[in-house]
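Working notes, structure below.
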There are 2 protein chains.
Amino acid sequence: MTDRTEPRRGRPGYDQQGILDVAVGVFNAHGYDATSMGMLASSLGLSKAAIYHHVSSKEQLLEMALGRALSALEGVLDASHERGDALSRLSFVLTGAVKVLVDELPSVTLLLRLRGNSEVERAALTRRRAFDHAVTQIIVEAQRDGSLRDDVAPGVAERLLFGMVNSLAEWYKPGGPEDAERLAADILAVALEGLRAH
Amino acid sequence: MTDRTEPRRGRPGYDQQGILDVAVGVFNAHGYDATSMGMLASSLGLSKAAIYHHVSSKEQLLEMALGRALSALEGVLDASHERGDALSRLSFVLTGAVKVLVDELPSVTLLLRLRGNSEVERAALTRRRAFDHAVTQIIVEAQRDGSLRDDVAPGVAERLLFGMVNSLAEWYKPGGPEDAERLAADILAVALEGLRAH
DNA sequence: GTCTATAAATGGATAGAC
DNA sequence: GTCTATCCATTTATAGAC
């Protein structure tokens, strides 16, 4: 994975990654569909035509951002296989997903708002559903071994857990009062123990 | 509140409510910005021009739907004031919000996806923030009286709870295996007691 | 209440100069 | 690597007939 923040060498104008970073920010601010190449151009301080020197289409920008987000999430799932019992794996995935959301907030935010309006969007949604399904299987296992209550359907539990995690895209502000580890701990605490005082 | 489903009297063509119901469905399927009046027209089986006989603009359709969603949510908050302690009020609001989401799924879904791209959208987001703030105040009170744990910041708790509730807009299907009461009970159970087996 | 036709603006994308 | 100028499809919305 290339480092987005490293300043480039020759440094005349933008490179593709620089275009992408700005584009994802504007996509998230106004929504992908509501963002025109003209808005993108003025955010970049370029003409519309100049953007097409770096990318072939608006949709290619979307595709690159979605690939980044999905790879990061899938990486968490892959790493979780090394873990022991199902509850440990679930905790690891939730914590990892929060970290991904915080680290890759722009691209994941874009992913979470997809409507499936094009082939690119539908392919991303399919990959995302596979992720959700894999997490649901971990929950099934944890219910089976008795570490999670089984009176909540595993699919519902998965969606509620990621409802909390994914809500970060709507309200987490980098540099705010809460850091990623604290948020991950809060979410895990609510998910496993609940909010009621003991 | 008028009944959407009641068949109209004269019944030649559409009335405004009929246009709105179809429009909100199409807005949600493709996203408001990605929906053109042309798509709307073909979903209605009308010409674009005919739509303008019923509404003055695409944005008016959005405004009407958002008003419906916000009024329903605010109604839950108003009704909660009759309740006793803070924890009862919070449970009532969460359950009520789930019921609103299920009953008014299309308009609430639209509300939850706003980006603030126009005055209409920003006004709706302001009303929605007021709702979230009022719920946060209930949580503050419940932490103060000792019924909720206070090691999770009240604002974070509120966003996590409504992260679960609002996620319904992304996956709840009317007529599916789970009904509204069951879902409300599941969410309340996870929110208060957590998923870990006891 | 709905139509056809059309206006006026904006959309994504390209050509070719520098 | 960026520009100006432009193409062409699509957009929201209106005019006026039926």
Side-chain angles (χ1 to χ4, degrees), chain A residues 4 6-66 110 114-115 117-121, chain B residues 4 6-66 110 114-115 117-121:
Chain A
R4 269 185 309 177
E6 186 181 322
R8 288 164 41 260
R9 292 155 311 197
R11 73 160 40 232
Y14 288 96
D15 64 352
Q16 197 188 54
Q17 192 61 55
I19 300 276
L20 180 59
D21 289 345
V22 173
V24 173
V26 183
F27 288 162
N28 281 327
H30 305 95
Y32 173 75
D33 291 298
T35 303
S36 70
M37 293 301 269
M39 294 165 63
L40 224 51
S42 64
S43 288
L44 288 159
L46 293 181
S47 65
K48 285 196 291 176
I51 300 174
Y52 289 93
H53 180 76
H54 301 280
V55 295
S56 65
S57 68
K58 181 183 167 185
E59 192 164 47
Q60 195 199 343
L61 288 166
L62 179 64
E63 191 168 20
M64 290 189 295
L66 295 178
L110 207 49
L114 290 191
R115 302 306 313 146
N117 286 332
S118 65
E119 266 321 306
V120 166
E121 295 192 17
Chain B
R4 268 184 310 177
E6 186 181 323
R8 287 164 41 261
R9 294 155 309 198
R11 74 162 33 232
Y14 287 98
D15 64 351
Q16 198 188 53
Q17 192 61 55
I19 299 276
L20 180 60
D21 289 345
V22 173
V24 174
V26 183
F27 287 162
N28 281 327
H30 304 95
Y32 174 75
D33 291 297
T35 304
S36 69
M37 294 300 269
M39 296 164 64
L40 225 50
S42 65
S43 287
L44 286 159
L46 292 182
S47 66
K48 288 193 289 175
I51 301 175
Y52 289 95
H53 179 76
H54 301 280
V55 295
S56 65
S57 67
K58 180 181 165 185
E59 191 164 48
Q60 196 200 341
L61 288 166
L62 179 65
E63 191 168 20
M64 290 189 295
L66 296 178
L110 208 49
L114 290 191
R115 301 307 312 146
N117 286 332
S118 65
E119 266 321 307
V120 166
E121 295 192 17

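Residue numbers begin at 1 in each chain, while the letters A, B, ... track the order of the sequences.
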Nearest whole angstrom, please: distance from the [atom2] of [N] to the [atom1] of [X].
X: A/F27; N: C/dG11; atom1: CZ; atom2: C1'; answer: 14 Å
X: B/L44; N: C/dT2; atom1: CG; atom2: P; answer: 9 Å
X: B/I51; N: C/dT2; atom1: CD1; atom2: P; answer: 10 Å

Minimum heavy-atom separation for [X] to [Y], with atom names?
X: B/G18; Y: B/D15; answer: N-OD1, 2.9 Å
X: B/L61; Y: B/A23; answer: CD1-CB, 3.9 Å
X: A/D33; Y: B/D33; answer: CB-CB, 4.0 Å

Original post:
Under a 4.0 Å heavy-atom cut-off, which of residues 29-37 of chain A touch DNA chain D?
Top reply: none

Original post:
For residues 53-65 of chain A, which residues have at least one heavy atom under 4.0 Å from DNA chain D?
Top reply: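 Heavy-atom contacts with DNA chain D come from A/H53, A/H54.
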
Mind listing the N/O atom pairs, protein and nucleotides 3-6 of chain D, below 3.5 Å?
residue, atom, partner, partner atom, Å
D/dC3, OP2, A/S47, N, 2.5
D/dC3, OP2, A/S47, OG, 3.0

Original post:
Got a sec, which residues hit side-chain hydrogen bond (donor to acceptor under 3.5 Å, both in side chains) with A/S57, two or more places apart in sequence or on another chain?
Top reply: none

**OP:** With sequence neighbours left out, write down each residue that passes side-chain hydrogen bond (donor to acceptor under 3.5 Å, both in side chains) with A/S118, or none if nothing qualifies.
**Re:** A/E59

Original post:
Got a sec, which pairs hit side chain to side chain donor-acceptor pair (under 3.5 Å) with one end in residues 38-56 of chain A, sequence neighbours left out?
Top reply: A/S56-A/Q60

Subject >> Contact check, side chains of A/V55 and A/M64, non-hydrogen atoms, under 4.5 Å >> reply: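 Yes; the side chains approach each other to less than 4.5 Å.
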
**OP:** Taking the side chain as every heavy atom from C-beta outward, state whether A/L40 and A/V22 have any atom pair closer than 4.5 Å.
**Re:**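 Contact flag for A/L40/A/V22 side chains = no.
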
**OP:** Among residues two or more places apart or on two chains, list those pairs meeting ring-ring contact (aromatic ring centres under 6.0 Å, His included) that have a residue in residues 22-47 of chain B.
**Re:** B/F27-B/Y32

Original post:
Between D/dT14 and B/Y52, is there an OP1 or OP2 to side-chain N/O distance shorter than 4.0 Å?
Top reply: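 No, because none of the side-chain N or O atoms of B/Y52 sits under 4.0 Å from OP1 or OP2 of D/dT14.
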
Original post:
Who passes side-chain contact (heavy atoms from CB on, under 4.5 Å) against A/N28, sequence neighbours left out?
Top reply: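 Listed in chain order: A/V24, A/P106, A/T109, A/L110, A/R113.
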
